[in-house]
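Computed over heavy atoms, backbone and side chain alike; hydrogens, waters and symmetry mates excluded. Note that this is a predicted model, so its numbers are computed, not measured.
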Amino acid sequence: MKKLILLLLSIFLLLAVSCNLTNPKSPIEFLTKGASTWEEVFKGYWAGLSDSYVFWNIDDANNEWDNIYTEYLPKFRSLGKVNYDDRNTTKEATILLFDMSKNLSDGHFSLNVRKGEGQGNERKFCPGDFRLIKEGHPELSDREIIESFIFKEQNILLPDEVLSENARYILENIFKVQLNVKYDPKLDSKFSEYSSEIFYIQDESYSLINPKIQVRVRGYTQLLLYSNDYKYGSYVDNGSIKPCSNDTDFNTHVDAGDAGPYYPISDLSWYEYNYDTSTIVDVIPVLNDAFKTWTLALGVKDMGFGGKKSVLIDFYSLSAMTKETDVNCGVGGVDYTKNTVYFLLSSFDCTSYMEINEVPMTEYLKYFHKLKIDSNAEGLVIDMRGNIGGSNADRQLLFGDLVDDKFMFGYQINKTGLGRHDLTLPSPVYIYPEKELFDEVSTLFSKPVAVITNRFTISNGEMTTFIVKALEKGGQVGGTTYGAQGTLVGDTISVGAGQFCVGDVITSVYTPYAQILDINKKSYEGKGCTPDVEIPFDETEFCESNDARLNAGFKWIKDHI
C-alpha cells in the first residue's frame, strides 16, 4: 500500500509539472497584477504567444514551442525579480527574450521590452531583421546579432538594398528629383530667399528637406503634388483646379490662399556645390526625359521643433507613362519600353492622406487612373522596392479599377481558438472593383505587368507581388521580398489572436491576427517571395544612377507583349 501511495503521489507531481508547462499564466492575468519576477514575465510571454500567434502551423511542427519552455524556464527563474536598477540582469533577461523569439517566422513580429523606468525606455527586437543580418553576416554569432538590437546598432548590419534602395533614393539617384539638399555655408546666398524660415538640421550630414518644398508646408500633414501637366502649379477656382501661367501667377494665388494642390515643378530643383570646381550647380529633375507625362505625390509633415521649421517627407509616389517610342534617355541606364505605365509607391498610406485632405489624394488617384485607362498603354510596372506596407484599403484605391469583378490573389487563415493549431481552412482574398471613385475599368491586367521588389518589400508590398504573380502575364523582378505577409489588426481580447503585452515589462508584442497565402495556397512567411527574374543589387551602380532592376521591369513588359 505504501508503494502504491508513493506511485500515485509521483504521478500527481508529474501531472502538476505538466500542467505548469502547458498552462502558465496568460498575459491577461498580468495586466492587473503585473509581473514581479522574470520567471513570470517569461511565462506570460510564452503563454501569450502560445494562445495568440497565428503561425504555429509553420513554427511548431515538432513541438518546438514546448521545447522552448523547457529550455528557458530555468534560465529566467535564476534571474530573480524584475529590478531595472540591476542593469546587467535586465539586459540578460532581454537577451533571453530575444533569443527565444529569433526563429519565429512572422515577418511583422516585434517585441518591445522595457530597460528602465519611463515611457519609450525600451529595447526592440524583430526576427525578420535578425534573419536578414544572419544571412548577410554569417561570421556573427546569434548573440552578437541580438546584442546589436540591444545597443540599437542593428540597422548598420542590414543589407545594402534595405538601406539604399527605396522610393526616396530612386527619385533622387535615378530620376534626379532633389528632395534633400546638403547644407553648406557657401550656399547661404541660395537660402536667403527663404530667410523667413529657419531650417532644422536633421542629421550629422546636415541633410535638409529641399527648402522649396519645405516652405510649402502649412499645417502638420499635407500632400503636395507636382506634375508636368501643371508646370507652374495650380489654384482652385469654384471647386475646379486651374493651371497657373507662371511662377508669379502661382505666388499670387499663394497670397490669396487658394494655391494648390499642384505646386511648381521648380520646387523640385535646387542647388549642389561642386567641391572640385568650387561652383554651384543648378539641379533639374529629369523625369521629362523618361516620361511623356508624370505626377509626383509627396506626403509632408511639419515637425515644428522648438519654433524651428523641420519637415519630414514620409510618403513618396510617382505615376507616369513612358514616351510613345522605346527610348534609352540616359536616365538610370534604363531602356524605357514605350507606352508603359510606371508606378512607384513608398507605403500604402493613401487612405490616411485621403482622410486628412481628400482633394489632393483623390486628384492623384484619378491621375493614376487616367494613365491606366489610356488605350495606348501596353503594360504596367509597379515599383515596390522599399515599400513597407500599410492600409489594406489602399489595395482597392490603387488597383480596384483594374478589375471588373472580384479578383482572387490569395488565401487567408485565421485563428479559431486558443489552441496553437486552431486555424480555419484557407478562405479566398480578393480585390474588388472600386466603382465609387472610378467609372471605367482598365485592361492592363490582361497585358504584361511587372512588380519590382527587394529585401525591404514588406506586407502590402508583398500582397501586390501576390496580385501580380496571379496574372497570366505578371512577373516579379529584382530581389526576394522580406517575408511579412500577415494581416494586422486588434489584440488578443477582440480577435483571439494578434497583439498583446505582459504587464509593464513587455510593453508590446506586435504580431498579426491572420496569415495570407498566395494563389497556390503557399506561405512565404519568413522567407519572402522569390523573383521570376532575379537581379542582384549593386549599390555602387545604383548610387551612380544605373538601375538594373528598373531596366528589368521594363524588359519584362517588352518580352511579354
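In this structure, a donor-acceptor pair under 3.5 Å is present between the side chains of Asp59 and Tyr53. With hydrogens and angles left out, the side-chain atoms of Trp294 and Asp229 include no donor and acceptor closer than 3.5 Å. Side-chain atoms of Lys292 and Asn228 form no donor-acceptor pair, as typed in the model, at a separation below 3.5 Å. There is no side-chain donor-acceptor pair under 3.5 Å between Asn173 and Ser545. Asn460 and Asn392 are linked by a side-chain donor-acceptor pair at a separation below 3.5 angstrom, with hydrogens and angles left out of the test. A donor-acceptor pair shorter than 3.5 Å can be found between the side chains of Gln476 and Thr453. Checking Asp349 against Ser347 by side-chain atom types alone, a donor-acceptor pair falls below 3.5 Å. Counting only N and O atoms by type, the side chains of Glu153 and Ser148 include no donor and acceptor under 3.5 Å apart. Between the side chains of Glu161 and Asn454, not a single donor N or O lies within less than 3.5 Å of an accepting N or O. Of the N and O atoms on the side chains of Thr481 and Glu462, at least one donor lies less than 3.5 Å from an acceptor on the other residue. Inspection of the Asn210 and Gln178 side chains reveals no N or O donor paired with an N or O acceptor under 3.5 Å. Ser459 and His108 form a side-chain donor-acceptor contact under 3.5 Å, judged by distance and modelled atom types alone. Checked by atom type, the side-chain pair Tyr342/Asp383 shows a donor-acceptor distance below 3.5 Å. Side-chain contact of Tyr364 with Ser319: a donor-acceptor pair under 3.5 Å is present, judged by distance alone.
In summary, Arg455 and Asp129 do not engage in a salt bridge, as defined by a charged side-chain N under 4.0 Å from a carboxylate O. The residues Arg168 and Glu172 are annotated as salt-bridged, a charged nitrogen and a carboxylate oxygen being separated by less than 4.0 angstrom. Using a cut-off of 4.0 Å between Lys/Arg side-chain N and Asp/Glu carboxylate O, Lys301 and Asp314 are scored as salt-bridged.
A donor-acceptor pair is defined here as one N or O able to donate and one able to accept, closer than 3.5 Å; such a pair exists between the side chain of Ser317 and the backbone of Leu344. Arg131 places a side-chain N or O within 3.5 Å of a backbone atom of Ser105 that can act as its donor or acceptor partner. The backbone N or O of Lys473 sits less than 3.5 Å from a side-chain atom of Trp556, completing a donor-acceptor pair. Side chain of Thr424 to main chain of Asn414: a donor-acceptor pair is present (N/O by atom type, distance under 3.5 Å, no hydrogens or angles). With Gln515 contributing its side chain and Val54 its backbone, the two residues share a donor-acceptor pair below 3.5 Å. With hydrogens and angles ignored, the 3.5 Å screen pairs no side-chain donor or acceptor of Thr340 with any backbone N or O of Leu380. Although no hydrogens or angles enter the test, the distance criterion places no donor-acceptor pair under 3.5 Å between the side chain of Thr480 and the main chain of Gly528. No donor-acceptor distance shorter than 3.5 angstrom exists from the side chain of Thr351 to the backbone of Ser391, with no hydrogens or angles considered. Side-chain atoms of Lys366 do not come within 3.5 Å of backbone N or O of Phe438 as any donor-acceptor pair. Asp404 places no side-chain N or O within 3.5 Å of a backbone atom of Val441 that could act as its donor or acceptor partner.
A ring-centre distance under 6.0 Å is not found for Tyr169 and Phe175. No close placement of the Tyr510 and Phe109 rings is indicated, their centers lying 6.0 Å or farther apart. Residues Phe250 and Tyr235 keep their aromatic ring centres 6.0 Å or farther apart. Aromatic pair Phe291/Tyr336: ring centres closer than 6.0 Å. Residues Phe542 and Phe537 bring their aromatic ring centres within 6.0 Å.
Within the cation-pi definition used here (under 6.0 Å to the ring centroid, within 45° of the axis), Lys242 does not qualify as a partner of Tyr262. Cation-pi contact between Lys372 and Phe368: present, with separation from the ring centre below 6.0 Å and deviation from the ring axis of at most 45°. Annotation: cation-pi geometry satisfied between Lys521 and Tyr411 (NZ/CZ under 6.0 angstrom from ring centroid, within 45° of ring axis).
Closest non-hydrogen pair, Lys415 versus Ala497, comes out as CG-CB, 3.6 Å. Nearest heavy-atom pair, Pro264 versus Asp247, reported as atom, atom and distance to 0.1 Å: CB-OD1, 3.8 Å. Of all non-hydrogen atoms in Asp504 and Arg114, the two that sit nearest each other are O-CD, 2.6 Å. The two residues Pro448 and Ile557 have their closest heavy-atom pair at O-CD1, 3.4 Å. Across all their heavy atoms, Val236 and Pro261 have their closest contact at CG2-CD, 4.4 Å. The shortest non-hydrogen separation linking Arg549 to Ile452 is O-CD1, 3.8 Å.
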Show your working on side-chain contact (heavy atoms from CB on, under 4.5 Å) between Asp532 and Lys469 and close with a plain yes or no. CA-CA 9 Å; Asp532 299 292; Lys469 298 187 85 165; 3.5 Å; yes
What do the steps show when you test Tyr353 against Phe315 for ring-ring contact (aromatic ring centres under 6.0 Å, His included), and what is the final call? CA-CA 9 Å; Tyr353 277 96; Phe315 177 83; 5.3 Å; yes
Kindly indicate, with the supporting measurements, whether the criterion salt bridge (charged side-chain N to carboxylate O under 4.0 Å, His left out) is fulfilled by Asp289 and Lys176. CA-CA 11 Å; Asp289 293 338; Lys176 302 301 181 183; over 6 Å; no
Between Thr464 and Phe348, is the side-chain contact (heavy atoms from CB on, under 4.5 Å) condition met? List the steps. CA-CA 11 Å; Thr464 302; Phe348 285 74; 3.2 Å; yes
Report the C-alpha separation of Phe125 and Phe149 in whole Å, then their side-chain angles, then the decisive distance to 0.1 Å, and conclude whether the ring-ring contact (aromatic ring centres under 6.0 Å, His included) test is met. CA-CA 6 Å; Phe125 178 73; Phe149 288 86; 4.8 Å; yes
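In this structure, the side chains of Tyr45 and Val505 stay at 4.5 Å or more apart for every pair of heavy atoms. Taking 4.5 Å as the limit, every side-chain heavy atom of Glu440 sits out of range of all side-chain heavy atoms of Asp401. Two residues are said to be in side-chain contact when any heavy atoms from C-beta on lie closer than 4.5 Å; Leu111 and Lys124 fail this criterion. Side-chain contact between Met408 and Pro428: present, with at least one pair of heavy atoms (C-beta onward) separated by less than 4.5 Å. Within the 4.5 Å cutoff, no side-chain heavy atoms of Thr295 are placed close to those of Tyr226. Using a 4.5 Å cut-off on side-chain heavy atoms (C-beta onward), Met321 and Val341 make contact. Two residues are said to be in side-chain contact when any heavy atoms from C-beta on lie closer than 4.5 Å; Val300 and Leu312 fail this criterion. Within the 4.5 Å cutoff, no side-chain heavy atoms of Leu223 are placed close to those of Asn357.
Under the side chain to side chain contact (heavy atoms under 4.5 Å, CB included) test applied with Leu296, the options Ile265, Leu268, Leu225 reduce to a single match, Leu268. Across Ile382, Asn387, Val451, a single residue satisfies side chain to side chain contact (heavy atoms under 4.5 Å, CB included) together with Thr465, and that is Val451.
Heavy atoms from other residues, nucleotides or ligands lying under 6.0 Å from NZ of Lys115 number more than 12. Surrounding CG of Asp439 are at most 12 heavy atoms belonging to other residues, nucleotides or ligands under 6.0 Å away. For NZ of Lys527, the number of neighbouring non-hydrogen atoms (other residues, nucleotides, ligands) closer than 6.0 Å is 12 at most.
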